[in-house]
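Encoded as structure tokens, the structure appears first; notes follow it.
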Amino acid sequence: MNPSLSTHVLIAGAGPTGLTLACDLARRGVACRIVDKALAHFAGSRGKGVQPRTLEVLDDLGVVDAAMAAGAPYPLIRAYDGAAVLGDWAMFERRAPAPDVPYPNLLLLGQWRTEEILRARLAEHGVHVELATELTGFEQDGDGVTATLVRAGETERVRAGYLVGADGGRSFVRRALGVGFQGETLEADRALVGDVRADGLDRERWHAWPKALGGPVALCPLPGTERFQILIPIHGDEAPELTVEAVERLFHERTGRSDVRLHDAGWLSLYRPSVRMVDRYRVGRVFLAGDAAHVHPAAGGQGLNTGVQDAYNLGWKLGQVLAGAPAALLDTYEEERLPVAAAMLGLTSRLHRRTAEGSPGEVRRGPETQQLDISYRGSSLARDVHGAPARVLAGDRAPDAPCHDAEGAPVRLFDVFRGPHFTLLAFGAAHGDTVARVNARYGPAVHARAVVQPGEPAGRRALVDTDRHARAGYDVGGDALVLVRPDGYIGWRASPGMLEQLEDFLRPLVG
């Protein structure tokens, strides 16, 4: 570390975005600090839907098993008119895991639990969230950022290489940078949201009253707890007390279900949906991520997930630059993520309108919300050297596939990708020497693996494509080289490809 620096990266905000970034940096050996002005860790459900692509990020970070164990599939939505059952609806069609998509369904998991899982992983790397620690100012120059932190009345000056504002929709970092936050707050669509216990309802379904006075009311069971997340629309000049007694009265009035008792609130809030985003993700050595850069209506479950993807995109780039790659690599963070955030903002706005105006069936979600189809095609970090046209191109998500190693033990591509490295998949006999040359040239930075068919010679590091799922997933017919970035996207693809072309692509990335 530069002796003038206190830390390489200072992260303001310890929600899912900040925690994901800290986990990614820490596993790369990057010195980082993560601070939050809150006195205690957030205890509510808030963003409760973990999308399939985010589950893949959690897989890479080594915590997907903990998330799957703590969460649950989304239940059917049971709609009522008062006490009369109108019917059951599925939010989406559940799919079975596939060779290329091991986590095909949305996971129901309260935000507090997601954060808890990420904090535990971060602690395994020796990094802990610094609570009650407020970022009150910063200045930057060509070599770093000098930040002022205040904790328990004491002031600390911190010198960091980079600062990341993951400090929410009211981001201090964004405001201090003077970055605009264009859009609107939908005051007419305010809602009371929180976590409560509800006696008189089963926990097998998401209970909804689409015809309730003032708009749809819902109670969603939260896995691993005895609570439900409640949502009640608030209109006009209404200013409900944030007490469980007031929430229960409002619920009874709106639904006509006085037989349901609400009590033991863990968290209550008045939610104001907003549609806003920045026009810049970076100012010098300071970056914005998550809600600090874009805020979404809750419909579609995109806000938390888009923030996690921001962090996952930024983390490996900071790591590479701090390891010696050119600083220009950091320009690609905004290049790749700003268009994605804009598209997600449009999607969530449409879903919000459909949900607010439609019947229970309008809550049904399709593949567009799962974030598996997000692509960085056209990015400066996505390059195709074409032989034959392919369905999967540079910039696309790298599919998973079940294979075997040379000894016959099962291994998935996601197992090979897991970690902070690039992965080169070498398909075909033409690349017999490529694997050895890449591993010798790049060491731990790039892991090269030959992908062979059953019966073909398999070296020690070869992957046997037992049922041709790897070739099918990557749409490879003959010889090809596919370079997978540390964030699980294809950076470079060539058919058949030459080592010199690969090295030309890697030169500004590996340093």
Side-chain angles (χ1 to χ4, degrees), residues 9 16-28 30 32 50-64 100-103 118 121 164 166 281-282 287 289-290 293 304-323 325 329-341 344 370-383 392-400 412-425 444-447 474 482-493 505-506 508-511:
V9 181
T17 300
L19 289 167
T20 298
L21 179 60
C23 286
D24 197 22
L25 293 173
R27 68 173 177 166
R28 297 171 189 279
V30 173
C32 63
V50 182
Q51 297 290 352
R53 181 58 186 154
T54 300
L55 291 173
E56 295 180 354
V57 174
L58 299 182
D59 184 321
D60 185 45
L61 295 178
V63 295
V64 72
D100 59 334
V101 181
Y103 313 109
L118 288 169
R121 184 60 170 161
V164 179
Y281 266 52
R282 176 190 183 189
F287 300 84
L304 178 154
N305 294 275
T306 303
V308 167
Q309 302 300 327
D310 285 346
Y312 197 49
N313 185 284
L314 178 60
W316 74 270
K317 296 172 181 178
L318 281 169
Q320 292 302 119
V321 169
L322 288 166
L329 176 59
L330 296 174
D331 294 334
T332 66
Y333 170 58
E334 177 179 302
E335 176 193 353
E336 293 188 334
R337 291 305 299 169
L338 192 147
V340 170
M344 288 298 164
Q370 298 181 338
Q371 303 199 350
L372 295 171
D373 293 334
I374 289 173
S375 177
Y376 302 131
R377 290 186 187 184
S379 159
S380 57
L381 296 184
R383 187 184 306 172
V392 180
L393 300 176
D396 293 348
R397 164 190 169 272
D400 193 13
R412 303 189 66 92
L413 290 186
F414 276 11
D415 297 330
V416 177
F417 300 160
R418 191 176 299 112
H421 55 271
F422 291 83
T423 304
L424 179 68
L425 301 177
V446 183
H447 294 185
Y474 287 81
V482 179
L483 182 72
V484 179
R485 306 182 339 184
D487 60 350
Y489 286 86
I490 299 171
W492 180 86
R493 174 184 173 128
F505 180 79
L506 281 171
L509 303 179
V510 177

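Only this structure's heavy atoms are used, side chains among them; waters, hydrogens and symmetry mates stay out.
Residues Leu338 and Arg282 are not in side-chain contact: their nearest non-hydrogen atoms beyond the backbone lie 4.5 Å or more apart. The shortest distance between side-chain heavy atoms of Leu413 and Leu425 falls below 4.5 Å. Counting heavy atoms from C-beta outward, Arg397 and Leu372 have side chains that approach closer than 4.5 Å.
The structure places CG of Leu329 at 10.0 Å from CD of Glu335, a figure rounded to the nearest 0.5 Å. Atom-to-atom distance recorded for Arg53:CZ and Asn305:CG is 11.5 Å, nearest 0.5 angstrom. Atom OG1 in Thr423 sits 8.0 Å away from atom CG in Leu483 (nearest 0.5 Å).
For Arg418, the side chain to side chain donor-acceptor pair (under 3.5 Å) test picks out Asp59, Asp415, with sequence neighbours left out. Applying the ring-ring contact (aromatic ring centres under 6.0 Å, His included) test to Phe422 and every residue at least two apart in sequence or in another chain returns Trp316. Remark: Tyr281 pairs with Tyr333 by the ring-ring contact (aromatic ring centres under 6.0 Å, His included) rule, at least two apart or across chains. Under the side-chain contact (heavy atoms from CB on, under 4.5 Å) criterion, Thr20 pairs with Val57, Leu61, Leu118, Val308, Ala311, not counting sequence neighbours. Taking the ring-ring contact (aromatic ring centres under 6.0 Å, His included) definition, one finds that Tyr376 meets it with Tyr489, sequence neighbours left out. Scanning for side chain to side chain donor-acceptor pair (under 3.5 Å) contacts around Asp400 gives Arg412, with sequence neighbours left out. Partners of Ala26 by side-chain contact (heavy atoms from CB on, under 4.5 Å), not counting sequence neighbours, listed by chain and number: Leu122, His125, Val127. In terms of the side-chain contact (heavy atoms from CB on, under 4.5 Å) criterion, residue partners of Leu393 (sequence neighbours excluded) are, by chain and number, Arg377, Asp384, His386, Ala390, Asp396.
Here the shortest heavy-atom pairing between Ser375 and Gly395 reads OG-O, 3.2 Å. Closest of all the heavy-atom pairs between Glu56 and Pro102 is OE2-CD, 4.2 Å. Contact between Phe414 and Pro399 at its shortest, heavy atoms only, is CE1-C, 4.0 Å.
Residue pairs meeting the salt bridge (charged side-chain N to carboxylate O under 4.0 Å, His left out) criterion with at least one partner in residues 305-316, sequence neighbours excluded, are Asp310-Arg337. Pairs of residues two or more places apart, or lying in two chains, that qualify as salt bridge (charged side-chain N to carboxylate O under 4.0 Å, His left out) and include a residue from residues 18-27 are Asp24-Arg27, Asp24-Arg28, Arg27-Asp60.
For the pairing with Glu336, the side-chain contact (heavy atoms from CB on, under 4.5 Å) check across Leu314, Asp331, Leu381 returns one residue only, Leu381. Test Val164, Val9, Leu21, Leu318 against Cys32 for side-chain contact (heavy atoms from CB on, under 4.5 Å) and you get one pass: Val9.
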Pair Leu322-Leu25, side-chain contact (heavy atoms from CB on, under 4.5 Å): steps then yes or no: CA-CA 10 Å; Leu322 288 166; Leu25 293 173; 5.5 Å; no

Thr332 vs Lys317, side-chain contact (heavy atoms from CB on, under 4.5 Å): CA-CA, chis, key distance, verdict: CA-CA 9 Å; Thr332 66; Lys317 296 172 181 178; 3.0 Å; yes

Trace of the side-chain contact (heavy atoms from CB on, under 4.5 Å) decision for Leu58 with Tyr103: CA-CA 11 Å; Leu58 299 182; Tyr103 313 109; over 6 Å; no

